[in-house]
S.K.: 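Handing you a structure now.
Hydrogens, waters and symmetry mates play no part in the numbers below; they use all other heavy atoms, side chains included. So you know, we letter chains A, B, ... as the sequences are listed, proteins then strands, and number each from 1.
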Amino acid sequence: MDLARRHGWDLTPTQAVALQRRLAAEVVADRALDLDAVRLVAGVDVSVKNDRSHAAIVVATFPDFRVVETVTALMPTPFPYVPGLLSFREGPVLEEAFGRLEAEPDVFLFDGMGTAHPRRIGIASHMGLWLQRPTIGVGKTRLCGRNAPLDEEKGAHQPLVDKGETIGAVVRTRTGKHPLFISPGHLADIPSSVALVLACAPKYRLPEPIRLAHKAAGAFV
DNA sequence: GCGACAG
DNA sequence: ATCTTGTCGC
């Protein structure tokens, strides 16, 4: 809500954790996304080079992924990498980029977690509160939680559980390749988040919008 | 006290 | 995330 748009980013790690605890109560992670109504999907990514953070947001049509808008932002990296506090490192430059966006994506895909976070407020959830738009977290590796063994076939998925709570899903987007850690950011739920990510990854492990944002942000390999 | 640990 | 060439596998 408003708090997410008005708070500053100049916080100590201890203050950041306290803010997360307040903001987490505002996150909506049980609302199904209507995939049939999705027309535009945004991919969000940040690359860091020599203490400079470069953000990129690429908006593409769904489900054919034609780029309709690309915005970028650049600024000094303001916060160290601390597991659990990624949004305080990438949030500032992302706000700058969001401010330049003219399109109105139906959903934003982030590189990182949504509710699959120790305090249930990963970068996708935090930025979702700021945007007040549906967001989904797409992580390449695990931050927290456990899951049962996953079938090797593309489309296979298993619940990601932490402390007795289902916080997301581990999803195989490519047969035989490492799975993705999917979780709702804000204004989405687990089943529809998994469905959208699978629909966005017809050819590669990572969703197409995120791959496009990776390139626009200057991240390679 | 000992691990785990998004990008 | 980033540092980095060739190389093993489908």
S.K.: State which residues pass side chain to side chain contact (heavy atoms under 4.5 Å, CB included) with A:Leu11; sequence neighbours excluded, sorted by chain then number.
M.R.: A:Gln15, A:Leu19, A:Phe88

S.K.: Under 3.5 Å, is there a donor-acceptor pair between the A:Ser53 and A:Thr77 side chains?
M.R.: yes

S.K.: Angle between ring planes, A:His126 versus A:His7, binned at 30° and 60°: parallel, tilted or perpendicular?
M.R.: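 Taking A:His7 first and then A:His126, their aromatic rings sit tilted (interplane angle of 30° to 60°).
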
S.K.: Stem ranges for DNA chain B, with three or more consecutive Watson-Crick or G-U pairs under 3.5 Å?
M.R.: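 As far as DNA chain B goes, consecutive pairing (with distances under 3.5 Å) yields no stem.
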
S.K.: Determine whether A:Glu102 and A:Val59 satisfy the following criterion, side-chain contact (heavy atoms from CB on, under 4.5 Å), listing intermediate values before the conclusion.
M.R.: CA-CA 10 Å; A:Glu102 293 183 3; A:Val59 181; over 6 Å; no

S.K.: How close do A:Ser87 and A:Met127 get, heavy atom to heavy atom, and via which atoms?
M.R.: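 Residues A:Ser87 and A:Met127, closest heavy atoms: CB-CE, 4.5 Å.
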
S.K.: Taking heavy atoms of chain A and a 4.0 Å limit, find me the 5'-most and 3'-most nucleotide of DNA chain B within that range.
M.R.: B:dC5 to B:dG7

S.K.: Report yes if some heavy atom in the side chain of A:His186 is under 4.5 Å from a heavy atom in the side chain of A:Pro134; otherwise report no.
M.R.: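 Side-chain contact under 4.5 Å: no.
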
S.K.: Between A:Arg172 and A:Glu153, does at least one N-O distance fall below 4.0 Å, as a salt bridge requires?
M.R.: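 No, A:Arg172 and A:Glu153 are not salt-bridged.
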
S.K.: Hey, does A:Leu85 reach any base, or is it just sugar-phosphate, or nothing, if we go heavy atoms under 4.0 Å?
M.R.: base

S.K.: Can any side-chain N or O of A:Glu208 pair as donor or acceptor with the backbone N or O of A:Ala60 at less than 3.5 Å?
M.R.: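 No; zero donor-acceptor contacts below 3.5 Å.
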
S.K.: Kindly give the heavy-atom pair with the smallest separation between A:Ala97 and A:Thr72, and that separation in Å.
M.R.: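 Scanning both residues, the minimum pair turns out to be CB-C, 4.5 Å.
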
S.K.: State, yes or no, whether a side-chain contact exists between A:Leu94 and A:Phe110 at a heavy-atom distance under 4.5 Å.
M.R.: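 Result yes, sub-4.5 Å side-chain heavy-atom pair found.
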
S.K.: For the backbone of A:Thr173 and the side chain of A:Arg205, can you confirm whether one donor and one acceptor N or O come within less than 3.5 Å of each other?
M.R.: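 No: the side chain of A:Arg205 does not pair with the backbone of A:Thr173.
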
S.K.: Out of A:Val58, A:Val46, A:Asp111, which residue meets the side chain to side chain contact (heavy atoms under 4.5 Å, CB included) rule with A:His214?
M.R.: A:Asp111

S.K.: Report yes if some heavy atom in the side chain of A:Glu90 is under 4.5 Å from a heavy atom in the side chain of A:Ile123; otherwise report no.
M.R.: yes

S.K.: Do any of residues 110-127 of chain A sit with a heavy atom less than 4.0 Å from DNA chain B, and if so which?
M.R.: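 Contacting residues: A:Asp111, A:Gly112, A:Met113, A:His117, A:Gly122, A:Ile123.
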
S.K.: Within residues 191-204 of chain A, which residues have any heavy atom lying less than 4.0 Å from an atom of DNA chain B?
M.R.: none

S.K.: So do A:Val48 and A:Arg89 actually touch side chain to side chain, heavy atoms under 4.5 Å?
M.R.: yes

S.K.: Have a look at A:Gly137 and say if it touches a base, only the backbone sugar-phosphate, or nothing, with a 4.0 Å heavy-atom cut-off.
M.R.: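 Here A:Gly137 touches no strand at all.
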
S.K.: Identify, residue by residue, the members of residues 140-165 of chain A with a heavy atom below 4.0 Å from DNA chain B, and return them in order of residue number, or none.
M.R.: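 DNA chain B contact set from residues 140-165 of chain A: A:Lys140, A:Thr141, A:Arg142, A:Leu143.
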
S.K.: Do the side chains of A:Lys215 and A:Asp45 get close enough for a salt bridge, i.e. N-O under 4.0 angstrom?
M.R.: no

